[in-house]
Enquirer: 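I'd like to ask you about the structure that follows.
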Amino acid sequence: MSRHCDTSLKDTSGKRLNWRIVARSLRGFRDERLYMSNAVPLTEIWRGPIIESLHTGHAVICDTQGQIVEAWGDPDAIVYPRSSVKMIQALPLVESGAASALDDKRLALACASHQGAAIHTEGVAAWLADMGLGESDLRCGTQMPQDRLAFNTLIKTDGAPCQLHNNCSGKHAGFLAMARHLNAPGDYIDINHPVQQGCRAVFEDLTGMDSPGYGLDGCSAPNFITTMHGMARAMGWFAGVTDGADARQSGAARLLRAMMANPVLVAGARRACTELMLAVKEPVAVKTGAEGCFTAILPSRKLGLALKITDGSTRASNCTITTLLVRLGVLDAEHPTARRFMNAPLLNRNKRVAGQIRPVADLLP
């Protein structure tokens with residue numbers, strides 16, 4: 001159920017979250033039933049006349065001051081934001097001046113969870129070469145590309161994927177550029193490395209919370225814990241940045257422009273991030289993350305959005321983020337992309353419509 005609420009996790013001074021409160025929640029969070037019980041239905045799977053499956057989760061919309069405008073589920077739910085916050089991980093790169101010579105395409109790759117298509121792998125390879133580095137300097141690990149052409153080419157030629165195919169290779173190229181700028185050798189993905197300490201500092205500033213810990217992401221970089229409110233608060237901050245105000249805001253404005261100008265680099269063909277950024281009626285930055293995470297930044301509306309599907313379903317996160325963009329007025333419900341993700345038909349093996357993925361009624365405008 002939708003609810004309007006204030007920032008319930010601020011301390012009495014109105015500044016940072018008192019993590020004694022969150023520590024209690026974190027201990028309870030180890031019991032997944034507590035986490036699930038606070039989630040609400042967001043996406044329905046229909047087959048014939050009944051709902052066959054139901055995806056629950058949390059969603060929060062914040063303004064530029066971090067105040068909650070609207071929420072579903074629990075804004076205090078503790079989560080890993082995964083790759084939905086890559087723009088935060090890229091912010092130290094531009095704020096520090098390390099990205100002064102980078103163009104928008106490389107900044108978009110630094111924020112990307114890409115398909116491993118040639119446009120992505122060649123872009124990252126060229127970036128590394130310009131730094132005098134190569135694929136072996138990455139620490140993200142190998143991954144089969146999601147791009148169909150790249151995948152089929154590897155299969156047909158008995159080729160093997162490399163780290164350039166990893167969907168986070170652009171982010172890691174950014175980490176290497178930052179390490180080079182700081183003259184900080186060593187393992188740049190180590191939690192104590194200056195690159196990751198810089199990422200943590202920015203992450204905590206923007207979420208307004210001291211993170212209680214981290215886990216390793218699929219690419220081996222630290223992924224810091226926060227709350228749904230913290231995620232949405234950070235996105236709301238991005239929505240209100242003013243280019244030229246200071247180094248951080250100017251850097252954030254550059255990253256936003258880069259993402260919105262290069263949606264294919266941020267994800268790839270047929271991916272929700274890319275398709276939604278191409279379909280919206282005004283500039284919006286949309287970013288997915290593993291395990292059902294999504295964020296969106298709406299500069300014209302001065303709003304930030306964070307979403308988490310509790311069972312990690314991509315079909316549900318795609319449906320829910322699309323519905324919320326429609327609800328906020330930046331996407332036409334009748335646009336083919338909106339129809340594809342909001343009310344996607346489920347086809348059986350005979351290509352007949354057997355069901356439908358739908359948002360819950362409470363999310364609709």
Side-chain angles (χ1 to χ4, degrees), residues 59-64 66 69 81-95 99 102-115 120 167-168 170-171 174 202-203 206-207 228 230-243 245 248-269 271-290 293-308 317-318 320-331 335 337-338 341:
V60 181
I61 300 171
C62 276
D63 63 19
T64 59
V69 174
R82 302 299 294 273
S83 288
S84 71
V85 294
K86 278 185 177 173
M87 67 288 283
I88 298 179
Q89 292 174 301
L91 188 50
L93 175 70
V94 287
E95 181 183 11
L102 298 181
D103 61 14
D104 281 356
K105 291 184 177 181
R106 289 182 178 176
L107 291 181
L109 285 171
C111 299
S113 296
H114 62 68
Q115 298 270 77
H120 305 121
N167 74 94
C168 296
K171 178 178 80 173
V202 172
F203 182 83
L206 298 192
T207 58
M228 290 301 303
M231 284 174 63
R233 182 184 188 276
M235 297 305 108
W237 178 85
F238 268 92
V241 297
T242 302
D243 197 1
R248 177 165 294 178
Q249 292 204 38
S250 294
R254 283 191 68 196
L255 291 173
L256 275 181
R257 286 196 300 270
M259 291 178 70
M260 294 185 295
N262 297 279
V264 175
L265 291 179
V266 172
R271 291 275 301 284
C273 287
T274 294
E275 297 301 319
L276 290 170
M277 283 195 279
L278 290 171
V280 289
K281 296 184 286 188
E282 59 193 56
V284 174
V286 183
K287 185 68 190 69
T288 191
C293 294
F294 247 114
T295 57
I297 302 165
L298 290 69
S300 298
R301 309 291 170 121
K302 304 300 183 186
L303 295 173
L305 163 63
L307 162 68
K308 165 67 179 178
S317 63
N318 286 350
T320 304
I321 190 67
T322 303
T323 306
L324 291 173
L325 292 176
V326 170
R327 180 185 183 90
L328 292 172
V330 297
L331 178 63
H335 192 284
T337 296
F341 292 118

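All values derive from a computational prediction rather than experimental measurement.
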Enquirer: Going by the rule side chain to side chain contact (heavy atoms under 4.5 Å, CB included), which residues pair with L328 if we only count those two or more places apart in sequence or in a different chain?
Expert: I61, L298, L303

Enquirer: Closest approach of T322 and A338, non-hydrogen atoms and distance?
Expert: CG2-CA, 3.7 Å

Enquirer: Do you know the tightest heavy-atom contact between L307 and M231?
Expert: O-CE, 4.4 Å

Enquirer: Considering only distance and modelled atom types, tabulate donor-acceptor pairs under 3.5 Å from the side chains of residues 273-280, sequence neighbours left out.
Expert:
from : atom 1 : to   : atom 2 : distance (Å)
T274 : OG1    : P263 : O      : 2.6
T274 : OG1    : G268 : N      : 2.9
T274 : OG1    : G268 : O      : 3.3
E275 : OE2    : R270 : N      : 3.2

Enquirer: Quick one: CG on L305 to CZ on F294, what's the gap to the nearest 0.5 Å?
Expert: 10.0 Å

Enquirer: Shortest non-hydrogen contact from I297 to M87?
Expert: CD1-CE, 4.1 Å

Enquirer: Apply salt bridge (Lys or Arg N to Asp or Glu O under 4.0 Å) to R257 and list each qualifying residue two or more places apart in sequence or on a separate chain.
Expert: D243

Enquirer: If you look at every heavy atom in V85 and M235, which pair is closest and at what distance?
Expert: CG1-CE, 4.3 Å

Enquirer: Under a 3.5 Å distance rule, please check whether D104 uses its side chain to pair with a backbone N or O of L107 as donor and acceptor.
Expert: no

Enquirer: With a 4.5 Å cut-off on side-chain heavy atoms, are L91 and F238 touching?
Expert: yes

Enquirer: Mind checking side-chain hydrogen bond (donor to acceptor under 3.5 Å, both in side chains) for R254 and listing every partner two or more places apart, or none if nothing turns up?
Expert: none

Enquirer: To check you understand the geometry: which heavy-atom pair defines the closest contact between V286 and V284, and what is its length?
Expert: CG2-CG1, 3.7 Å

Enquirer: As an exercise, state the distance from CZ of R271 to NE2 of H114, rounded to the nearest 0.5 Å.
Expert: 10.0 Å

Enquirer: Kindly give the heavy-atom pair with the smallest separation between R233 and L206, and that separation in Å.
Expert: NH1-O, 2.8 Å

Enquirer: Taking the side chain as C-beta and beyond, is there a heavy-atom pair between L102 and L93 under 4.5 Å?
Expert: yes

Enquirer: Residues two or more places apart in sequence or in another chain: which of them pass side chain to side chain contact (heavy atoms under 4.5 Å, CB included) with N167?
Expert: K86, S113, Q143

Enquirer: Partners of Q249 by side chain to side chain contact (heavy atoms under 4.5 Å, CB included), sequence neighbours excluded?
Expert: W237, V241, T242, A245, D246

Enquirer: Going by the side chain to side chain donor-acceptor pair (under 3.5 Å) test, which pairs reach into residues 294-305, not counting sequence neighbours?
Expert: E282-R301

Enquirer: Which residues pass the side chain to side chain contact (heavy atoms under 4.5 Å, CB included) test with A232, not counting sequence neighbours?
Expert: V60, C62, A306

